[in-house]
Amino acid sequence: MAAGSARYVRYILFAFFVLAVFYFISNSGTIEPPIKLPAGSATDETPAKGKSPTTGGTTVGSTGGSSNAGTKDELRVGPNLDPAEFPMPMSPADPGWDDLSGVREGPRMNATFVTLARNGDIWEIARSIRQVEDRFNRRYNYDWVFLNDKPFDAAFKKLTTSLVSGKTFYGEIPKEHWSFPPHIDQDKAKKVREDMAQRKIIYGDSISYRHMCRFESGFFFHQPLMLNYDYYWRVEPSVELFCDIHYDPFRVMHEGGKKYSFVLSLYEYVETIPTLWESVKKFIKNHPEHIVPGNSMGFLSDDGGDSYNHCHFWSNFEIGSLRWLRSQAYTDYFESLDQDGGFFYERWGDAPVHSIAAALMLKKEEIHFFNDIAYYHVPFTHCPTGDKIRQQLKCHCNPKDNFDWKGYSCTSRYFEINGLEKPEGWENQQD
Ligand SMILES: Nc1nc2c(ncn2[C@@H]2O[C@H](COP(=O)(O)OP(=O)(O)OP(=O)(O)O)[C@@H](O)[C@H]2O)c(=O)[nH]1
Ligand SMILES: *[C@@H]1O[C@H](CO)[C@@H](O)[C@H](O)[C@H]1NC(C)=O
Ligand SMILES: [Mg+2]
């Protein structure tokens, strides 16, 4: 008996010892101090301080500041550098292609990332930011503007500021950019939502989704924080980037004279835009001066503009010119559409609204397809066609998922109207 209980006590002591060791080991892992965040990070519209990136002991001038070009110890980064001195590596044969480490020297464009999000989107946007940083921005340190119809909370600002290598800014959208304009008949709009709910049209019963689409169509580029830039790159929560981006897409836009760009295109859900084309035709009639010769009408219409084929560029990814969106032409276009009320009497999306504007009011050559930016937003993937390019860019997308050449994509049409040759292997990806 005594021997039995002694053994029992030994077991207990042993178990206690094991637990104590575990406790010690698991705690010793958290002895390091937590990451310190910049003091200014929780204040509205304040750039995070002390974010000058350092690489191997060398300090880089803030991306927005002047670059003391010439000093040996400093990387030459900034807005006023001569692009000719810093050629971009566009393919593996170009010098500098293999250098993906550290901050890249060279000019920076007057550009920012922009994200519209709710506080509740925090983890989904964190995922997107991390991929954009890993594949591109950690070497370029562009700013990031966050917009919300409500104030961003401290947790959102803290996490996003810690993830973005450039400066972060947080803006609250004014009521007049996120509400029903006075000319909208509330009863009529309500009936539409009830009807769409019954017909199970996606987001058909949502008021906030409509405010979001109208905001992205007509107001994001007018926000005070956005007035500081000429180019934007839109990033949504839960998107993915699958390939390394070796060059600066903002520079490709600027130096190539591009005003709008896309990676995915498709047909719009007709039920959401039954009268959009009528409204566009009215605008064309009233403002023929804004319709540009050499436009992309062939992308939108199979009968010279009589009817809309519902093709559009998918706007959850966009790199574009803010100057263009702030132009008289785009302003007149948005105001005309907004007067017709389809953001509320139907459920017009910002994707067809932007796409139609780009296709009619820009020259064909001003719209760019970024084949080498591999991208996913549920449920579609753009994965570059061709084994070689995917290997060169260290892509992790499955080529089978590439949507470009499938029946519901409009990208073939874009290639045809621009006389572009489709990449080798496209035939094998048609379904
Ligand atoms: N602040 C704010 N942002 C919103 C609201 N609704 C949508 N957004 C943002 O607007 C963008 C588009 O909204 P999504 O819900 O992604 O719409 P979607 O891409 O058509 O549909 P999903 O397939 O659900 O992604 C995202 O960046 C959202 O975070 C809202 O009510 N308030
Ligand atoms: C960036 O663009 C904005 C808007 O066009 C302009 O006001 C600002 O002066 C530009 N900044 C630089 C450094 O060029
Ligand atoms: Mg989305």
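As the structure lists them, so they are numbered: ligands from 1, and atoms in each ligand from 1.
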### Task
Could you tell me the residue and atom name of the protein heavy atom closest to atom 11 (C) of ligand 1, and the distance to it rounded to 0.1 Å?
E236 OE2, 3.4 Å

#### Entry: H377 near ligand 1 by a heavy-atom separation under 4.0 Å
yes

### Message
Under the criterion ring-ring contact (aromatic ring centres under 6.0 Å, His included), I'd like the reasoning laid out for F369 against H382: C-alpha separation, chi angles, the key distance, then a yes or no.
### Response
CA-CA 11 Å; F369 171 57; H382 165 66; 5.3 Å; yes

### Message
Under 4.0 Å, heavy-atom basis, I'd like to know which part of L227 is in contact with ligand 2: side chain, backbone, both or neither.
### Response
backbone

#### Entry: Sub-4.0 Å atoms of ligand 1 with respect to non-hydrogen atoms of S208
31 (O)

### Message
Please confirm whether the ring centroid of Y232 lies under 6.0 Å from the ring centroid of F221.
### Response
no

### Query
Please state which protein non-hydrogen atom is closest to atom 27 (O) of ligand 1 and give its distance, to 0.1 Å?
L116 O, 2.6 Å

### Query
Are side-chain N/O atoms of T385 and W405 paired as donor and acceptor at under 3.5 Å?
yes

### Task
Considering the heavy atoms of M212, write down every atom of ligand 1 situated less than 4.0 Å from one of them.
7 (C), 8 (N), 10 (O), 12 (C), 13 (O), 17 (O)

### E236 atom (N/O/S) at minimal separation from the Mg ion (ligand 3)
OE1

### Query
Out of curiosity, K394 NZ to C243 SG, how far, rounded to the nearest 0.5 Å?
11.5 Å

### Query
What part of F220, side chain from CB on, backbone N/CA/C/O, both or neither, has a heavy atom under 4.0 Å from ligand 1?
neither

### Task
Determine whether L147 and Q223 make a side-chain contact, defined as any pair of heavy atoms from C-beta on separated by less than 4.5 Å.
yes

### Task
May I ask which of N119, T115, D149 has a heavy atom nearer to atom 2 (C) of ligand 1 than the others do?
D149

### Message
Give me the residue, atom name and distance of the protein heavy atom closest to atom 6 (N) of ligand 1.
### Response
R118 NH1, 3.2 Å

### Task
Any atoms of ligand 1 less than 4.0 Å from a non-hydrogen atom of W178? List them with their elements.
2 (C), 30 (C), 31 (O), 32 (N)

### Task
Return the residue, atom name and 0.1 Å-rounded distance of the protein heavy atom closest to atom 21 (O) of ligand 1.
Y203 OH, 3.3 Å

### Message
I'd like to check which ligand 2 atoms, numbered from 1 as shown, lie under 4.0 Å from a non-hydrogen atom of D230.
### Response
2 (O), 3 (C), 4 (C), 5 (O)

### N148 neighbourhood, listing ligand 1 atoms whose heavy-atom distance to it stays under 4.0 Å
1 (N)

### Task
Please work out which of V235, D121, I202 has its closest non-hydrogen atom nearest to atom 29 (O) of ligand 1.
D121

### Query
Between atom CD of E271 and atom CG of D195, what is the distance when rounded to the nearest 0.5 Å?
9.5 Å

### Task
Measure SG to SG for C383 and C395 and state whether it is below 2.5 Å.
no

### Query
Under the side chain to side chain donor-acceptor pair (under 3.5 Å) criterion, do W233 and T112 qualify, and how do the steps go?
CA-CA 6 Å; W233 180 334; T112 185; over 6 Å; no

### cation_pi(K157, F146) dist<6.0 Å, angle<=45
no

### Query
Counting N and O atoms only, with roles assigned by atom type, does the side chain of D338 sit under 3.5 Å from a partner on the main chain of F334, one being a donor and the other an acceptor?
no

## Note on the structure
heavy-atom search around atom 18 (P) of ligand 1 in the protein gives Y209 OH, 3.8 Å

